[in-house]
Student: 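Handing you a structure now.
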Amino acid sequence: VQLQASGGGLVQAGDSLRLSCAASGRTFSYVLGWFRQAPGREREFVAAIRWNGRTYYADSVQGRFTISRNNAKNTVYLQMNSLKPEDTAVYYCAASSGLADLALSDAYDYWGQGTQVTVSS
């Protein structure tokens with residue numbers, strides 16, 4: 001499985017941005033998720049989605065971010081609204097078999113390269 005993230009950029013506070021992550025290989029049954037890592041901080045869970053559409057969110061993004069997936073296109077999306085400067089980070093997509101705590105990076109077997117999101121105040 002290979003993952004390719006895209007869609008990052010520089011935006012202002014309050015703006016929206018949509019990240020995409022295209023997966024190659026058999027990912028239909030995998031949980032697809034997003035993590036982020038800000039400078040000097042540990043990688044943290046953002047959101048995840050199961051093959052059946054069940055979603056999970058970190059408290060810090062609940063109500064502002066929406067994760068979705070298109071199984072036919074092997075793609076997962078992260079719609080980010082009402083962005084804040086504290087959302088600035090490198091965002092990573094990942095795939096998990098779904099058998100462990102989805103908020104933990106150790107639960108994920110495959111990782112894409114990061115895409116930078118910068119939110120200016």
Side-chain angles (χ1 to χ4, degrees):
V1 174
Q2 292 185 321
L3 304 168
Q4 180 76 33
S6 61
L10 171 63
V11 297
Q12 294 186 331
D15 284 351
S16 298
L17 203 60
R18 189 176 83 154
L19 305 182
S20 300
C21 177
S24 62
R26 296 173 60 85
T27 59
F28 176 79
S29 63
Y30 278 78
V31 174
L32 299 176
W34 289 95
F35 283 71
R36 66 187 182 186
Q37 187 167 20
R41 301 189 65 177
E42 293 186 356
R43 189 172 297 187
E44 65 174 2
F45 172 75
V46 175
I49 184 168
R50 293 191 180 274
W51 68 271
N52 59 4
R54 182 174 180 180
T55 58
Y56 307 82
Y57 294 96
D59 290 343
S60 58
V61 306
Q62 180 77 48
R64 298 189 299 122
F65 291 10
T66 301
I67 189 171
S68 60
R69 66 190 288 171
N70 184 323
N71 289 330
K73 295 184 177 180
N74 268 358
T75 302
V76 62
Y77 306 96
L78 185 68
Q79 177 67 42
M80 304 184 295
N81 298 330
S82 301
L83 282 162
K84 304 175 181 180
E86 51 263 44
D87 293 319
T88 295
V90 177
Y91 283 70
Y92 299 89
C93 59
S96 168
S97 60
L99 299 179
D101 186 342
L102 297 178
L104 300 179
S105 57
D106 287 347
Y108 293 79
D109 307 293
Y110 304 98
W111 292 85
Q113 93 295 355
T115 185
Q116 176 71 47
V117 173
T118 303
V119 184
S120 64
S121 58

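Given the structure is predicted, the values throughout are model-derived calculations rather than measurements.
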Student: How far does CG of Asp109 sit from OG of Ser96, to the nearest 0.5 angstrom?
Tutor: 5.5 Å

Student: Any non-hydrogen side-chain atom of Thr27 less than 4.5 Å from a side-chain atom of Tyr110?
Tutor: no

Student: OG/Ser68 to CD/Gln79 distance, rounded to the nearest 0.5 angstrom?
Tutor: 8.0 Å

Student: For Ala107 and Ala100, work out which heavy atoms get closest and say how close.
Tutor: CB-CB, 3.8 Å

Student: I'd like to know whether the aromatic ring centres of Trp111 and Phe35 sit less than 6.0 Å apart in this structure.
Tutor: yes

Student: Check residues 1-15 and write down every donor-acceptor pair under 3.5 Å in which the side-chain atom is one partner and the other belongs to a residue at least two apart or another chain.
Tutor:
{"from": "Asp15", "atom 1": "OD2", "to": "Gln12", "atom 2": "N", "distance (Å)": "3.1"}

Student: Taking all non-hydrogen atoms of both residues, which atom of Ala89 and which atom of Gln116 are closest, and how far apart?
Tutor: O-NE2, 3.5 Å

Student: Please report the interatomic distance OG(Ser105) to CD(Glu42), rounded to the nearest 0.5 Å.
Tutor: 8.5 Å

Student: Does Ser60 reach the main-chain N or O of Ala58 with its side chain, forming a donor-acceptor pair under 3.5 Å?
Tutor: no

Student: Mind checking whether Cys93 and Leu32 have side chains closer than 4.5 Å, heavy atoms only?
Tutor: no

Student: Let me confirm one number: the OG1-CE distance from Thr66 to Met80, rounded to the nearest 0.5 Å.
Tutor: 11.0 Å

Student: If every non-hydrogen atom of Ala38 is compared with every non-hydrogen atom of Thr88, which pair is closest and at what distance?
Tutor: CB-O, 3.6 Å

Student: Applying a strict under-4.5 Å side-chain criterion to I, L, V, M, F, W and Y, I'd like to know whether Ile67 and Tyr108 cluster together.
Tutor: no

Student: Output the distance between atom CZ (Arg50) and atom CG (Leu102), rounded to the nearest 0.5 Å.
Tutor: 5.0 Å

Student: Scan Val117, Val90, Asp87, Thr115 and name whichever one has a side chain to side chain contact (heavy atoms under 4.5 Å, CB included) with Arg36.
Tutor: Asp87

Student: Go through it in stages, so that I can follow the logic: the residues are Asn81 and Ser16, the test is side chain to side chain donor-acceptor pair (under 3.5 Å), and I'd like the CA-CA distance, side-chain angles, deciding distance and then a yes or no.
Tutor: CA-CA 4 Å; Asn81 298 330; Ser16 298; 2.9 Å; yes

Student: Strictly by ring pair (Phe, Tyr, Trp, His ring centres under 6.0 Å), give each pair with a member in residues 46-96 just once, sequence neighbours left out.
Tutor: Phe28-Trp51

Student: Taking only residues two or more places apart in sequence or in another chain, which ones pass side-chain contact (heavy atoms from CB on, under 4.5 Å) with Ser82?
Tutor: Arg64

Student: Under a 4.5 Å side-chain heavy-atom rule over Ile, Leu, Val, Met, Phe, Trp and Tyr, are Phe45 and Ile49 clustered together?
Tutor: no

Student: Measuring from atom CG of Asp106 to atom CG of Asp101, what distance do you get when rounded to the nearest 0.5 angstrom?
Tutor: 10.0 Å

Student: I need the minimum non-hydrogen distance between Arg69 and Val31, along with the two atoms involved.
Tutor: NH1-CA, 4.3 Å

